[in-house]
Amino acid sequence: MTECYQPELRFSSFSRRKITADFTGGNLTSNAGLLLVRECDRHLDLARSVADVDHDPRAPARA
């Protein structure tokens, strides 16, 4: 069976702080999910892709 385990994920720095995700337990936080979303968006450009196909008729002059 293939083992898909990565002990640490590295994120873009925030100010001068190094941000990593470690899956070994220890000190945990529940408010870091948006950091993962931000990194996925930076690599895949998801927000721009969604904006390109999503038509929003509310204020077209402000687009």
Side-chain angles (χ1 to χ4, degrees):
M1 183 173 169
T2 304
E3 196 172 310
C4 298
Y5 174 73
Q6 186 172 358
E8 184 179 277
L9 291 175
R10 295 182 184 197
F11 296 94
S12 301
S13 61
F14 180 73
S15 207
R16 285 187 249 150
R17 297 177 185 225
K18 177 184 167 189
I19 301 172
T20 59
D22 184 328
F23 301 99
T24 59
N27 295 331
L28 301 175
T29 181
S30 62
N31 62 357
L34 287 179
L35 294 175
L36 180 60
V37 171
R38 179 187 74 177
E39 292 303 310
C40 291
D41 183 51
R42 284 186 176 173
H43 289 285
L44 302 173
D45 208 15
L46 295 173
R48 184 176 307 279
S49 297
V50 170
D52 288 344
V53 297
D54 185 34
H55 177 67
D56 185 2
R58 291 179 292 178
R62 294 184 182 185

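The figures that follow rest on heavy atoms only: side chains count, while hydrogens, waters and symmetry mates do not.
Taking each heavy atom of S49 and L44 in turn, the nearest pair found is OG-O, 4.5 Å. When every heavy atom of D41 is checked against every heavy atom of L46, the shortest pair comes out as OD1-N, 3.0 Å.
The CG atom of L34 sits 11.5 Å away from atom SG of C40, with the distance rounded to the nearest 0.5 Å.
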